[in-house]
Structures are given as C-alpha cells and as structure tokens.
Number of protein chains: 2
Amino acid sequence: MSNITIKKIAELAGVSSATVSRILNNTGRYSEETKERVLEIIRDYNYRTNVVAKSLRTNKSKTIGVIVPDITNEFFANIVLAIENYSVPNGYSIFICNTSEDHEKEKMFVRDLEAKGVDGIIYLSGNKQIPEQTTSKHLPTVCIDRNPGNKEIVVVESDNFSGGFIATEELIQQGCKRIVIIKDERDVSPMAERYRGYREALQKHGIPLDENLVVNVKVDVHEATKAVQHLISRGTAFDAIFACTDWLAIGAINALHQHQILIPDEVKIIGFDNISVAQHSYPPLTTVEQDKTKLGEIAAQILLDMIDQKKPQKQNIVLPVSLVKRNTTL
Amino acid sequence: MSNITIKKIAELAGVSSATVSRILNNTGRYSEETKERVLEIIRDYNYRTNVVAKSLRTNKSKTIGVIVPDITNEFFANIVLAIENYSVPNGYSIFICNTSEDHEKEKMFVRDLEAKGVDGIIYLSGNKQIPEQTTSKHLPTVCIDRNPGNKEIVVVESDNFSGGFIATEELIQQGCKRIVIIKDERDVSPMAERYRGYREALQKHGIPLDENLVVNVKVDVHEATKAVQHLISRGTAFDAIFACTDWLAIGAINALHQHQILIPDEVKIIGFDNISVAQHSYPPLTTVEQDKTKLGEIAAQILLDMIDQKKPQKQNIVLPVSLVKRNTTL
DNA sequence: ACTTTTTGGGTAATCGATTAACCAACAAAG
DNA sequence: CTTTGTTGGTTAATCGATTACCCAAAAAGT
C-alpha cells in the first residue's frame, strides 16, 4: 500500500521524474504527446503529489496560520470563516490556533507555526503588542482588528472611531443625556478608538464626559451584568448604554431585565459587532455592524499577495461600519 | 539568513548530524557530555527542527484535520476548541476545514488533508454517509455527533435518544399534551435519535403521536420562525415546543413573541445543545445540555491513540446529556 | 552543407531531517 | 591473552519532490 510517487509514474510512462514534475507544474518544456500519456497514468493510478516533499524542496507549504483569541466567539469565527473561504480556493490550508488570550500560548503557537513551515500568519490577537518572538521578521504577517503599533505589520480593521461616534450620536439624537459606555478594561486599540468616538460625539453635542458613566470590565457577559447591577445599586442615573461589544450589551440587558427597567423606554442600548445574538436578543439589539467577512477576506487576500510577492501591500485598511437599528433604540 | 540546520549544529559541536538527531529525539546512545554541549549550541543558535523535513522522513506530520460544517455555530466551535485544547499540548496542530455542508467541498478537503500528510481526521460532518473518497482507508478517523453507519469508524456522540426523551417527558410532566417537535428535515443520526426519544416519551405517557406537530425544517433560525408562524396561522393548537437545536428554539421564540404568546405560560419550550444564546435569550431557554468539551476531548484522545497505535479503540462512545432548566419551562 | 537555435527531456544535486549498518575503543570475563 | 560486550559515536541511504545543468536530435538560417 506504499504510495505512488512521482518516480513510479515516471517509470510507468517511460520518462524521467523531472519530466513528470515539469508537466505537473507547467514549467519547462515537454511535448503535448508525453503530457497526455503522463497525465493519463497519473489519473489511472490516482497519483497525488506529496505536499510534504514539495514543501521541503520549495520552502513553501501552501499553509497559513490563524491566531485567534477565542474561536467560540462568533465574531472571530466569522472572520476565520472568511479567511478560509478566500484561502482554500487559492490552494491554502489553514492552521487554527486558539490562544484564549494567553500570551505564552501565543508565543508558542508562533514558534510552532514557524517550525511547521507556514507561509504566513494572520493575527487576531488579544495582545496590545505582538510579541517580539513573533515570526514577523521571517514571515509575512497581517493583523486584523488589532493595531499592534508595529509599523512593519499590515493591519486590517474596522473604523472603530466612527463606530463609537455614530452609536453615541444616535443615542444623543434620541434624547439621551447620560450615556454609559461599557468597554474593555484592557487598552486594546479597537476599544480605545470606540471610546474616542464616544467622547468626540459627546463633545460635539456639548455633553460633558462623566467618569462615573465609563465602566471598564473584562469582556464577558456576566461582567457586564454585574457592572450594570452595580451602577444601578449605586444609584447612578443613566438613560442609555453604549456597549463596546454585543456580548457586553447582552449582559447589560440581562441586568436591566432583572431590575424591570424597560428597554428602550427607560434605557436605550447600542452594541457593537452585529453578531447573531444581537438579532435574537430581547429586545433585538441595535448595534454597530462590522463587516466580518470583508475583514477576513481582505486580510487573507493581502497575506496571499505578500506571500506571492505580488505587491508590497504596505498600507493599512480601515473598513467602514454602519448602524443597524433594532429595538433597543427607538 | 538561511536557517540553522541540524548539519550546522553538528558541525559546530564537532559531531555528526546523527548524534544531534539522537540527542534531540532521545534515541540511541550518546554521552551526557556531548549532550550538554550540543544542547547548548542548539540554544545559542536558537535551532528549531524543520518539521517538514522530519515529516517527510518519518511520515508523521503531527497534524490532524478537523472537518466541520460551520465553525460559526457555537456548538461546533466549542467542540473544535476542545479538540485543539487536547491536541496542541500533545504536539499536534490542527487544520480547520469548513464545509458549509457541501459534499463536494468535503471530498476536496479530504484529498487535501491526505496530500498535506495529516496523521488523522476528525469529522463533524453534516453528511449522513461519509463519502467513499474519504481518507478512512488510509488514515485514522473519528466522527463526532454523526454516525455514518460505517462500522470501521469510531463515533463519539451524545445520548441523543435520552435527550429527546427527557426533554419531552419534562414537558409532559409540566402538563403539556400537544408538543410540537421541530427538527432537521435531513435524516441525520442525532436528529433521528432525538425524534425517537420524543416518540418514546409520548408513548410512555399515553399521548398519541400527532403528525401535525412534527415539523421538519432546514436547520436555521428563520426557518424555525417561519415554521412556527405557519403552525399558528394554520390554527394548529399546541402547548409546548421541543426544538432539536437551541437556534431552532430561538427561532420559535421569535415567532411566539410576534404573536404575543406568553412563554412559558401559554407555550413551553425546550431546546438542545445548551450554547450561550440559550442562556441569554428572553426568556432564558430550558435546554438539553450536550457536553461539547468532552465530545471534542474524547474524540481527540481516541484519534491520537489510534495514531500512536496505543490501542485499537474500536468501541463507540455515547456521552450522557442532562436537562438544564431555565425560564421557558416552569 | 555547415552552423545555430529550438525542442524535448535526462542526470543528479538538493531540501533537512531520521536511521540502519557499521566500527573503534575500551572494559569485563574467561 | 583472547574473547565478548558495551559505549559513543560515524557514514550514507532515504523520504518525494524540484530544478540547475547538460545533451541529442530536429529545425532553421546562411
């Protein structure tokens, strides 16, 4: 049951393995005649080229690594899917690396990927800074949704600032004056930008920033619930919540339900991401839509281009966001 | 910037590459002395073994492929995560293959994986029958949550029959008599078993099966919504819904909300899977919990054992399920 | 008719590891 | 003093491709 090698095919066709290789790769010269003969034998014997051997020789594995904080989060899963949908038709396979936001794991994965000979890496890192040990010096790398501040790395991200701005402005226009923002306690770039958008919108409409209304949490539904409960029990007045993540919004909604606070009558809510929970929560959540498919697709496209050295695509990409209105606002 | 090879390390240490290899793999004989020397040089030069070359020689890639219908579905994502969490510490990387339930894609992935030299495959296939072209003849394979009826393949699954049974019985015990079941129109094994559990529970309690109450849909939230709307507009009376998936349950809830039908007062609902939407829907969804982590973990464990030929683990695994009561029932 | 070019394809080195086969040196045993 | 074993290695083949270099035969040019 030993596998059919290129050498055996060559033998069967009465040519050298070099010729077979040339035919398979459309390189070098050969007659149409031998090509047909060889291809037929290849079909007959169901020959498949051994990608491992090919990789060793060519130093290209047609494989990329995707490093992701939490594949279980629909937002990331959507991006991974988009990356896959672009990469697979182009002949690439993808290694999935789930870091659970663990820096050590992340470093380990990078070394692993490097050792396994991937051609490039896409980061959806939870880290502010991409670790020095990153493969970036050796391998093409692109970051999604996280700006590591490293000039060398191409970044694809949503226009988080605008997202924060339009969400906040929408709430203001609906008459809200005391708008809570719930955001990641870590100072990662997307959150920082959304927060900036929030502040700018307040300022534009002459609403002073109230520090009591900005709550920092670990990004997790229950943390959001607790935070809002705390806000309520502390007696802090508010008439709207801008949650920097749909899941945080869901957590907030839970807390409001518990206190019988009516949404959107008493408190309006806007989330961020537009993942499917937003659509099916109660009430359905108004949220800022990120184009997850495009995020992944473009990142993959750029990476593959870098790998093929088509063009030194160095400029960063910022994708527009949009507000999708549902029932947690008017 | 050429990479450091084992040969260079050997040269630097004044030994042959064979010795270095033996030291790295803890095989054969060498003195403690040379070991120290070699290891130091390896550290100094930050040598990493070229896994591709190793794979070529040993015909083991320390890589497995996971074929999944939809990584975007939290249920599958949870399983993938569990597989990863077991595999990575054991030195394996995982290729993710998203089929979108497409049979052709599935076949293609199998060929791809085979060509890339994976050591084994885990299927979370949407297919009833695993395609003949599967790698199963050549590669260790295990199936999760889908029984392909192929005796050769190890299957890890939940006790779907019991799940269907306890869900239905719970509804009956809460006084429901006209229980709708919403299930996959395709006759895949987990659904068939849940349906069997449903029927058995009805029978046990002397409730006749009403064909009007069994609705088959494409597994999708909106399909469930439409189906329930249709049921209502058709005037079919019912006092409970057993949805074979949490997402289907969410869809059903949406339809009930639209018709101002009170949950659980007028209609009780139980879902299946216990993914996070179930926890955060309104009302929070009573559902049958599948142990997604264990599902993935055990599958990975069995696969790796098969790869290492530790034991010809041929028996199938059926994991228990449990009812988690929330607010769509009493 | 003789040179030059093109066509078709072979030879063998190479990628970076692993490993079977072999061997020198020294120790222990008889 | 020879035999046998053990220790600590070395050499070279091998895994399955790709590819630089070479070459014979045919075609084209002059």
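Convention: sequence-line order gives letters A, B, ...; per-chain numbering from 1.
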Nearest-nucleotide 5' precedence on DNA chain D, Ala18(B) against Ala53(B): Ala18(B)
Atom-to-atom span, CZ of Arg22(B) to C1' of dG8(D) - whole angstrom: 9 Å
Thr5(A), nearest nucleotide to its side chain (from dT10(D), dG10(C), dA17(D)): dA17(D)
Separation of Ile67(B) CD1 from Glu106(B) CD (nearest 0.5 Å): 6.0 Å
Closest-nucleotide ordering on DNA chain D, the 5'-leading residue of Thr19(B) and Lys7(A): Thr19(B)
Side chain of Arg29(B) - closest among dT10(D), dT18(C), dT7(D): dT7(D)
Atom pair distance, as rounded to whole Å: CG in Asn3(A) and C1' in dA17(D): 13 Å
Lys105(B), NZ: over 12 other non-hydrogen atoms inside 6.0 angstrom: yes
Pairwise distance CD1(Ile9(B)) to OG1(Thr19(B)) - rounded to 0.5 angstrom: 13.5 Å
Residues Glu84(B) and Asn98(A): side-chain donor-acceptor under 3.5 angstrom: no
d(CG, Leu56(B); P, dA17(C)) in whole Å: 12 Å
Touch class at under 4.0 angstrom, heavy-atom based, for Thr49(B) against every strand present: sugar-phosphate
Phosphate OP1/OP2 of dA17(D): any Ser17(A) side-chain N/O under 4.0 Å: no
Closest to side chain of Ser21(B), choosing from dG16(C), dT18(C), dG16(D): dT18(C)
Interatomic distance, Tyr30(A) OH vs dT6(C) C1' [rounded to whole Å]: 17 Å
Sugar-phosphate only, base, or nothing, as touched by Val51(B) at under 4.0 Å among non-hydrogen atoms: nothing
Out of dA17(C), dA20(D), dT18(D), whichever nucleotide has its closest atom nearest the side chain of Ile6(A): dT18(D)
Between C1' of dG9(D) and CD of Glu33(B), the distance in whole Å: 13 Å
Sugar-phosphate, base or nothing in reach of Ser16(A), heavy atoms under 4.0 Å: base
Separation of atom NZ in Lys62(B) from atom P in dT18(C), rounded to whole Å: 13 Å
Touch class at under 4.0 angstrom, heavy-atom based, for Ser55(B) against every strand present: nothing
Any Asn25(B) side-chain nitrogen or oxygen under 4.0 Å from OP1 or OP2 of dT18(C): yes
Touch class at under 4.0 angstrom, heavy-atom based, for Asn59(B) against every strand present: nothing
Touch class at under 4.0 angstrom, heavy-atom based, for Thr27(A) against every strand present: nothing
Candidate nucleotides dG9(C), dG16(D), dT19(D), ranked by approach to the side chain of Ser31(A) - the nearest: dG9(C)
Value in whole Å for how far the C1' atom of dG9(D) lies from CD of Glu32(B): 15 Å
Glu32(B) with Arg37(B): basic N within carboxylate O range, under 4.0 Å: no
Rounded distance (Å) that lies between atom C1' of dT14(D) and atom NZ of Lys54(B): 16 Å
Shortest side-chain distance from Arg57(B), nucleotide among dT19(D), dA17(D), dC15(D): dC15(D)
Atom pair CD1 (Ile307(B)) and NZ (Lys60(B)), whose distance is rounded to the nearest 0.5 Å: 7.0 Å
